[in-house]
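Read through the structure below, which is laid out as structure tokens, and then see the notes.
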Protein chains: 2
Amino acid sequence: MTHSPLRPPTMADVARLAGVSHQTVSRVLGDHPNVRDETRARVQRAIEEMGYRRNSSARALATRRTRTLGVVASNTTLYGPASTLFALEEAARAEGYLVSTVSVRKLTVETLSEALDHLSDGGVEGVIAIAPQRSAVEALAELRRPFPVVAVGTGSASTVPSANVDQYLGARLATGHLLAAGHRTVWHLAGPEDWQEAADRVAGWRDTLEEAGVEPPMPLRGDWSPLSGYRAGQELAGWVGRGLTAVFVANDQMALGVLRALREAGVRTPQDVAVVGYDDIPESEFFAPPLTTVRQDFSAVGQRSIALLLDLIEGRTPSGPTRIAIEPQLVVRASTYPYASPPGTAPPG
Amino acid sequence: MTHSPLRPPTMADVARLAGVSHQTVSRVLGDHPNVRDETRARVQRAIEEMGYRRNSSARALATRRTRTLGVVASNTTLYGPASTLFALEEAARAEGYLVSTVSVRKLTVETLSEALDHLSDGGVEGVIAIAPQRSAVEALAELRRPFPVVAVGTGSASTVPSANVDQYLGARLATGHLLAAGHRTVWHLAGPEDWQEAADRVAGWRDTLEEAGVEPPMPLRGDWSPLSGYRAGQELAGWVGRGLTAVFVANDQMALGVLRALREAGVRTPQDVAVVGYDDIPESEFFAPPLTTVRQDFSAVGQRSIALLLDLIEGRTPSGPTRIAIEPQLVVRASTYPYASPPGTAPPG
DNA sequence: GAGGTCATTGTGAGCGCTAACAATTCCTGC
DNA sequence: GCAGGAATTGTTAGCGCTCACAATGACCTC
């Protein structure tokens with residue numbers, strides 16, 4: 001049944017076998033209505049027989065459409081970016097697009113620019129940039145590029161079209177939860193200075209405290225890693241007994257480090273110090289103790305940003321706003337409330 | 001300086017502006033040696049001025065090379081697949097290839113086949129399949145496909161070219177470590193039945209015990225999730241005092257669940273029960289207690305598999321074996337040895 | 001200064017497809 | 001049995017690039 005051609009069969013080969021013109025083959029493949037059933041069947045049989053597949057390059061050249069989207073991401077082994085990436089690809093594929101990814105170790109103006117060049121050379125029709133660093137977002141607005149770009153993870157400060165979880169709101173939920181539980185004040189271990197999401201979380205935390213008439217303590221800084229959380233946790237442990245009873249940590253991994261440091265310092269969680277994280281990574285339910293945290297709907301971010309990008313590509317007026325905000329959700333566990341439910345009974349992450 | 005053409009400029013446009021033929025422009029772009037310096041400079045200026053970029057589709061059509069690789073992956077939010085994906089993309093980009101990814105929720109014959117079709121329609125020259133389930137690997141060998149495929153994460157049972165961490169060896173390291181520490185026997189919480197890597201780890205564990213003259217206990221089964229580890233851990237806790245002093249868990253996430261279950265049952269780690277995990281995810285150093293585990297060099301897997309795939313694509317005789325095995329490494333922490341080093345002092349993950 | 005060589009540049013023909021238009025066939029109704 | 005129109009099919013010209021080869025010219029040798 002299969003030939004063993006040195007070259008894969010072309011449309012002309014199929015046409016010859018079916019006894020029609022190549023254009024008729026193209027019509028069959030394109031589901032054009034005006035093809036006689038008998039002809040269509042004959043063509044389809046020929047296609048089957050030769051194992052024919054359209055050459056995507058030729059098609060792209062003739063239509064000027066590659067049906068490929070690009071994604072630039074960094075830190076893709078972290079839960080957040082990895083989840084976003086997954087959601088993006090799934091959403092794009094549902095629309096018939098292929099996704100090409102460039103993952104960089106560190107997002108800078110140079111790496112971002114190189115990544116866009118690489119994707120551009122690959123013929124992408126548009127790009128999603130998962131660009132949480134402020135510097136990168138700004139660079140994005142400047143760079144000359146022949147296709148639309150949608151930013152993701154840029155927090156509130158985006159000059160380009162974007163889709164984001166509302167980090168400010170997430171921080172308010174976390175901080176408000178701790179205040180409502182009776183804590184007089186809430187400390188904060190923040191993410192890196194340059195990350196807009198970190199800044200948004202700081203702002204949400206600060207505003208919530210100030211609205212409650214509390215002077216916010218100086219926030220600590222980490223780099224998202226458990227190790228930086230551990231170091232900050234050692235420092236925080238020194239403040240226990242001097243007004244520190246609750247900490248809002250800007251992500252779950254750092255919270256894990258904080259928990260370990262507190263434990264090693266003989267500080268009990270949540271009895272002595274309550275801890276809230278951010279992200280709801282799959283592990284956080286099993287930390288010691290299980291972690292109260294803020295869940296982000298990465299899947300929604302992926303779908304909304306792809307929809308927005310496609311609107312931009314196809315030249316449609318976007319069906320919604322070009323700066324999309326998605327609501328996060330608080331997940332309460334034992335790190336703030338000792339009688340929280342056992343594993344497997346809470347809604348799934 | 002920039003035109004604002006409805007169409008992006010073509011090679012012919014650049015040629016006209018530079019006063020040369022399109023072929024000379026092509027030569028400049030292709031770094032062909034036989035171009036006069038003066039001409040080259042003039043062409044380059046024209047390219048610059050027009051912001052010209054080669055059309056990748058036209059290029060691909062003429063050269064029959066898309067310089068695009070495909071990757072099929074599942075469970076990409078897990079540390080292992082995400083790390084592999086990252087390494088693959090980085091290695092491919094270093095060779096000038098673009099990577100298109102398809103991430104599926106569940107790897108079955110159908111989803112794998114659809115994924116390959118989608119990538120094929122995207123014109124990929126070869127595919128890396130991260131296919132840890134046995135059924136998927138077998139399907140891979142059957143499917144008709146017009147490009148080479150390299151499997152990754154298939155453990156020892158691969159009929160197609162592959163690159164893998166030696167899971168059998170990793171399990172031997174873990175089990176041997178526990179025996180050497182004086183444990184009489186080692187229990188095992190295995191991964192899902194259908195995963196070859198899980199089977200390889202079971203085999204390594206079993207063989208090590210048998211060589212030491214110990215009858216292996218019945219292994220438990222989990223699904224890689226912390227929750228399944230937690231449930232297994234509850235069961236394991238019931239065997240403490242009846243010969244259970246050491247557990248080898250097939251991944252770190254399940255180990256996290258086991259640790260929680262043991263803790264809740266009043267079982268101390270490592271004094272009552274020692275625990276070893278697998279993967280060395282970034283969090284495991286901060287578990288309670290920090291987890292002894294087996295580290296896999298995903299970066300090496302990525303590089304080796306890309307090198308192999310490119311050999312296959314270019315029709316070269318592969319420079320090495322077509323079934324590549326990479327050595328894992330044991331990382332000892334407090335879950336097996338209570339005086340292990342504090343965070344930040346061990347070699348980085 | 002004829003002939004040869006090399007470096008440099010240009011020309012023409014595809015690559016495999018789709019879009020636009022032209023040609024043919026098949027029905028209608030009268 | 002034939003005009004008129006719709007349905008169906010074919011023809012031609014690109015899309016923008018690279019490859020193979022032809023043409024040009026500079027330079028050298030004897």
Side-chain angles (χ1 to χ4, degrees), chain A residues 3 5-44 46-47 50-68 96 120-125 146, chain B residues 3 5-44 46-47 50-68 96 120-125 146:
Chain A
H3 302 226
L6 294 142
R7 300 267 173 82
T10 71
M11 205 170 253
D13 297 330
V14 174
R16 205 169 306 121
L17 179 62
V20 297
S21 76
H22 62 136
Q23 178 60 6
T24 298
V25 178
S26 175
R27 285 194 186 98
V28 169
L29 253 23
D31 267 332
H32 191 93
N34 289 342
V35 178
R36 209 163 9 123
D37 285 352
E38 196 270 330
T39 309
R40 184 185 304 276
R42 194 147 36 90
V43 169
Q44 242 139 13
I47 288 173
M50 305 190 84
Y52 171 74
R53 314 217 60 165
R54 271 190 292 207
N55 177 311
S56 61
S57 303
R59 205 162 128 73
L61 179 58
T63 57
R64 302 151 182 282
R65 299 292 311 267
T66 59
R67 297 197 76 77
T68 301
S120 180
D121 288 344
V124 298
E125 296 185 34
Chain B
H3 302 225
L6 294 141
R7 299 269 172 81
T10 71
M11 206 170 252
D13 297 332
V14 173
R16 204 170 306 121
L17 180 61
V20 297
S21 77
H22 64 134
Q23 179 57 10
T24 297
V25 177
S26 176
R27 285 197 186 95
V28 170
L29 253 24
D31 267 334
H32 190 94
N34 288 344
V35 178
R36 215 177 348 137
D37 285 354
E38 196 270 329
T39 311
R40 185 184 302 277
R42 193 145 38 88
V43 169
Q44 242 139 13
I47 288 173
M50 305 189 87
Y52 170 73
R53 315 218 60 166
R54 268 190 294 207
N55 178 310
S56 61
S57 303
R59 205 161 128 74
L61 179 58
T63 57
R64 301 150 183 283
R65 300 291 313 264
T66 59
R67 296 195 76 78
T68 301
S120 180
D121 288 344
V124 298
E125 296 184 34

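Naming: A, B, ... by sequence-line order, numbering from 1 per chain.
Exactly one residue among B/T39, B/V14, B/T10 makes a side chain to side chain contact (heavy atoms under 4.5 Å, CB included) with B/V25. That residue is B/V14.
Taking atom CZ on B/R65 and atom C1' on D/dC17, their separation rounds to 16 Å, with Å as the unit. With rounding to whole Å, B/R67 atom CZ is found 15 Å from D/dT18 atom C1'. The distance from atom CG of B/D13 to atom C1' of D/dC15 is 13 Å, rounded to the nearest whole Å.
A salt bridge links A/D121 to B/R53: one of the charged nitrogens lies within less than 4.0 Å of a carboxylate oxygen.
Within the 4.5 Å cutoff, no side-chain heavy atoms of B/V28 are placed close to those of B/V20. Side-chain contact between B/R40 and B/D31 is present, with at least one heavy-atom pair separated by less than 4.5 Å. Looking at A/T68 and B/T68, their side chains never come closer than 4.5 Å, going by heavy atoms from C-beta outward.
A/S26 pairs by the side chain to side chain contact (heavy atoms under 4.5 Å, CB included) definition with A/M11, A/Q23, not counting sequence neighbours.
With the end axes of the helix from C/dG1-D/dC30 to C/dC30-D/dG1 each set by five pairs, the angle from one to the other reads 40° at 10° resolution.
Among all heavy-atom pairs drawn from B/T66 and B/E125, the shortest one is N-OE2, 2.8 Å. Nearest heavy-atom pair, B/M50 versus B/P9, reported as atom, atom and distance to 0.1 Å: O-CG, 3.6 Å.
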Only distances under 3.5 Å count here; give the side-chain donor-acceptor pairs of residues 55-62 of chain A to other protein atoms, sequence neighbours excluded, each with its distance to 0.1 Å.
residue, atom, partner, partner atom, Å
A/N55, OD1, A/S57, N, 2.8
A/N55, OD1, A/A58, N, 2.9

Under 3.5 Å, which N/O atoms of the protein pair with N/O atoms of nucleotides 4-8 of chain D?
residue, atom, partner, partner atom, Å
D/dT8, OP2, A/N34, OD1, 3.4

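Sorted by first and then second residue, the pairs that involve residues 11-30 of chain A and meet salt bridge (charged side-chain N to carboxylate O under 4.0 Å, His left out), not counting sequence neighbours, are A/D13-A/R16.
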Heavy atoms under 4.0 Å is the rule here; annotate nucleotides 12-21 of chain C 5' to 3' with B where the base is hit, S where only the sugar-phosphate is, and - elsewhere. B--BBBBBB-

